[in-house]
Each structure stands twice: as C-alpha cells, then as structure tokens.
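Per chain, numbering begins at 1; letters A, B, ... match sequence-line order. Computed from a prediction, not measured in an experiment: that's the story for all the values here.
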Amino acid sequence: MLIAAVPGEGGSGRLLPLDDGGRPTGPAVTAPSLAAAVAAHEAASRPRWVWPSTLAIYPGLLAAGTRVERCHDVELTEALLLGSAGSWGAPRSVAASLARLRGTVVPPDPPPVAASPPGGGQGTLFAAPASAPAVTLDDLVTVYADQRARMAAVPSHPGRFRLLVAAESAGALVAAEMGAAGLPWRADVHDALLRELLGPPSAVGGPPARLVTLAAEIAAAFGVRYLHPESPGELLKAFHRAGVDVPNTRSWTLQQVDHPAVRPLLAYKELFRIWTAHGWAWRDAWVRDGRFRAEYVPGGVVSGRWASRGGGALQIPKVVRRAVIADPGWRLVVADAAQLEPRVLAAVSGDDRLAAAARAGDLYAALANDAFDGDRAKAKVALLGAMYGQTGGAAIPALAALRSHYPTAFDYVENAARTGEGGGLVRSWLGRTCPPSSVSLDVTGYDGGDAPDSGRSRARGRFTRNFVIQATAAEWALALLATLRTSLAGTAAELVLFQHDEVLVHCPAEQADDVIAAVHAAGARATQALFGDTEVRFPMEAVAVDCYAEAK
DNA sequence: AGTTTCATATGG
DNA sequence: CTCGCCATATGAAACT
C-alpha cells in the first residue's frame, strides 16, 4: 500500500492512495492536518509514504507526534537516478523532475537553508523555502511513476538499486527523527570540563585564563612582549627569528622542533580549538534542554555518507564526549562496525582468500598471519594503502605483498582507479554512481581532459578507487541503521547519533541488553541484504555505558 | 565592509 | 607536499 502526500498551507496536506504500480486507486483527499491524517493511516495500514522530501515534511510531522514506518523520498531518489544516468548536479525537486520529463524549462533547486541554532531564529518546522512552489499530487504521482520505470532500467542490478532507494529513504526518516530527539548533553558537565581544561571563562568573551597564561609563556619563550599564537604567519616569523625554519605550524611539524615555545604552543593549539569550536559559545548556541540538536543531511556526501549542518555533529572531539551522558535510569548503547571498509573490499571483490581472512574478528591480524609474517601493522598499512591509493612511504613494499597474496581484491581497486584515471565513472555495490570528474573539479582539479598520467588524473583515480569502497560501506551502514530503526520501533529506545560506521542508542537501562542484541542482529541482516550468503563477517562492537566517553 | 581562500583542527 | 580517501568548522589572511 502506497499513499502519495504533499504538504499544503498551515499544516494541511493532500493525500492520494496508490496501488503497487503507483496508480491512483481513489480520489485525492484534502486533510486540514497532514500530521493527523498521516497518523490515522499509519495506525490503520502502515503504508509506504510517497512524498517530495522527507527533510521538508517529516520534522513537522514529528513535532506533532506522528511517526511513519516507511517512505519513498522522491528528491533523494531523483538524485540517485540522475547520478546513475551520469547527470550529476541537476535539480532534483519534483518540479524539476517533471520539467525534464516533459521537456520544458527545468527550474533550479532552491538553495539549502543554512542551519540555525535552536534559539537563534524563528521555527522552521513547517516553513517551506519561499522560492519552492507548492507541489501538486498529480505532479508527484507522475514523477513517482517515472522514477519506478527508471529504477527498473538502471544499467545493472535493479534489485540492488531498489534496496539503495529504500535504504536512502529510511535513512532520511532516521535523520529527521535523530534531529528531533537530539543527543543527550549535560551542559553542567560540559561547563565543568571546560573550566578544568581552560580555566574560568573571561567575563567579556575573551580567551579564558589558561589560554592567556599559555600565550604569555609562548611570548616569553620567543623573547617578545606578545604575539598571537593562533596566527600561522606570526608564528613562522617568530620561529624564523629564533633560527628555526619550519614549513608550516601544524602540531605534527612543531613536535619535531626543539624550542622552548613548542610545549606551551602545542597545549595552546589544542585548548584554543576546544574553546572556539566546542566551548561555551558552542554550548549556548546548540545545546537546549539537555540535548544537542544537529541537522543531518542524508546523502550529503558524494559517497552516500551523511553530512551535518550546524554544530559539527559528526566531529565531536573525544574529550568533550564526557558531556554526553544518559538520562537517569537510561543508558547509551554505543555500537560501531569493526574494520568496515576492508571487509567491504573482501565482499565486493569476491577475493576468496581475503574473504577467508575477513571471517576473523580482527581482519588485520588474520591478514598478517596469512601474508605478512605476523606483522599486523604492516598488513594494515598495506590494505589501507591499497584502498586509498597510497603512492609513497612504508606502504610500497607492503603493497607488493598484498598484490601477490590477494590479486582479486587488489585488481578490484586497481580497476576502479584506472577507470577514474581514464575519465570513467564507477558505481558502488548497490549502484550509487560517483560524480563525473567535471563536478569534483574543486576537489581533484581534474576536468577529464588531462593527460592520462597527469597529477590530476591520478588524483581522480584515487577518488574512484576509494569511492567503490567508501560508498559501499555507507550503504552497509545505512542498511544496518534502517534495520535497527525497525527493530527499535515501538520501544522507548531512540537513535541519537549516527557517524558513518557508529550508532548511539539512548534507552532505558533495562532495555540495554535487548538493544545490543538488536544491533548485532541488524548487522547480520545488513550483510545478508547486501551480500547474501557471503563468507565475510561484519562484526559490530556494542557496549552499554552511562557516558559516551567510556566507549573505546 | 563583506566575501572567499588558506591553514589547521576535529571526525570517520 | 606526511602519507592516501570522505567531510565540517573556525579564525586569519587575502581578495573584491
């Protein structure tokens, strides 16, 4: 059962039931409250909702207390289909899709709305961007029918592509729910942590006490009255005057330098980072009512990983994770997929010998015993070097050993690299297509027309080499997330963070063991969904803790 | 003065 | 040119 839905004015909406082929089975209905109408259908038949954009519609439903089980997100699907056809970056709105279908002028997508801190602006729950014209049910259903036809006609493995569309749509539901739930965040613990590291905050918003002290120590070490330790230019000059010439002022570089300013400077850089990126200003902007609420963007990264807007939700430094604490009587289940990318390589390449190593809990150790004289570190750099396209350093001899022992896996990433170097496109396991080189010009600098052996061509090769792995890993993680969401539905447990290969669930303490079991089951189901009866194992490490910092 | 790029940090 | 992939966010510096 399918129901098409579009939002209208003031929280209203229009609904139209569809048969399994996407054809209307009855008259369209106008509902004064879209949230109420959706809730009623959900209770009655749990349909798959066909709507223009989960991110635009679902937060409003959630605010009204309405959850849905399944959806088909037309805009996300359009992006996948456009990529599959090699037209990257084309507008993906329903209006644009319809215009392409009819051969009329394709309107541009409205620009993304910048995330605003929770207290910082007016509520945007139901406020559509002013430039987005209302979508009619007819248009939505027309585009949906066309998408079904195109999904059936993708270049290869339409069954896998359907799974990709379902996973992408389910991910969008999770992203909205996670944004609504928020990550438990104790502002008082955060404040105590900041005071412990930085000293008391300055009354006027200037640097806290410990940064002031360190800055004075640095200046004294250079024999000057004052300098700005956060200014690379000033630092380079100061080191030069002291007879030390460094190429840059990165921590890793300065660690090699013997000078009295280095020690306080390294401390300053670390603390300055915390103060500016996750200090009191960040907390005041992003933490409300015990929750850090970020905005997640499913499919926001070309590889299919999520991006986030505002608050840096996917870059929470390890030290400040001490402020992520479960509510009283609740626990946080922290779960992550161990060695996900090398296991993906084993599965997609069909390399029997690597797959045999990937049966082990520690893939690198198995690899070391198999082909690297027990040297685990060497095995690891070899495998990572092969997946990232490393060209120098200690990985080179290790790569030769990898090639001779696992030729099938090695050839898989080599072929992806050569395709990219030649200006070609590669796809993930489920059929996500990498952007053409002209789109990633900003990243790789390669426009597809350079000499095959140019630096830009090789950069493109590294990109496509890694894409086939990273994008497939993202798909596996998305499948896990969708499965886990389903098994937690109807319980008190909430998904509160998803970070590429890591999931956090906030749940009543007595439910924690069940959640851990559900995580393991979801991993097994994701593996089965993508790879069938593969020999490769994808183990999840899951623990229940009170505080995020206790995990790993 | 406002906008873009650079340098450096964080995360996977 | 510390590496080789994918990101976001900050302040400084450069640019319009």
Which part of the nucleic acid, if any, lies within reach of [X] when heavy atoms closer than 4.0 Å are counted: base, sugar-phosphate only, or nothing?
X        : result
A:Gly300 : nothing
A:Val381 : nothing
A:Leu340 : nothing

- Item | Separation of the P atoms in B:dT4 and C:dC3, to the nearest angstrom | 27 Å

Check: Charged N to carboxylate O below 4.0 Å: is that the case for A:Glu550 and A:Arg321?
Finding: no

task = Salt-bridge test for A:Glu196 and A:Arg322: reply yes if a basic N is under 4.0 Å from a carboxylate O, no otherwise.
result =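 Between A:Arg322 and A:Glu196 there is a salt bridge, with a charged N closer than 4.0 Å to a carboxylate O.
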
Row check, A:Trp429 ring normal vs A:Arg160 NZ/CZ: under 6.0 Å, within 45°:
yes

Every protein N/O lying under 3.5 Å from an N/O of nucleotides 2-5 of chain C:
| unit_1 | atom_1 | unit_2 | atom_2 | d |
| --- | --- | --- | --- | --- |
| C:dT2 | OP1 | A:Asn248 | ND2 | 2.9 |
| C:dC3 | O2 | A:Gln390 | NE2 | 3.4 |
| C:dG4 | OP1 | A:Thr391 | OG1 | 3.3 |
| C:dG4 | O3' | A:Arg462 | NE | 3.0 |
| C:dG4 | N7 | A:Gln390 | OE1 | 3.1 |
| C:dC5 | OP1 | A:Arg462 | NE | 2.9 |

Polar atom pairs between nucleotides 11-13 of chain C and protein, under 3.5 Å, N or O only, would you list them?
| unit_1 | atom_1 | unit_2 | atom_2 | d |
| --- | --- | --- | --- | --- |
| C:dA13 | OP1 | A:Ser231 | OG | 2.6 |

Could you list the protein-to-nucleotides 2-6 of chain B atom pairs, N/O on both sides, closer than 3.5 Å?
none

With under 30° as parallel and over 60° as perpendicular, where do the rings of A:Tyr296 and A:Trp306 fit, or are they tilted in between? tilted

Whole-Å distance, A:Lys318 NZ to B:dA9 P, equals 16 Å

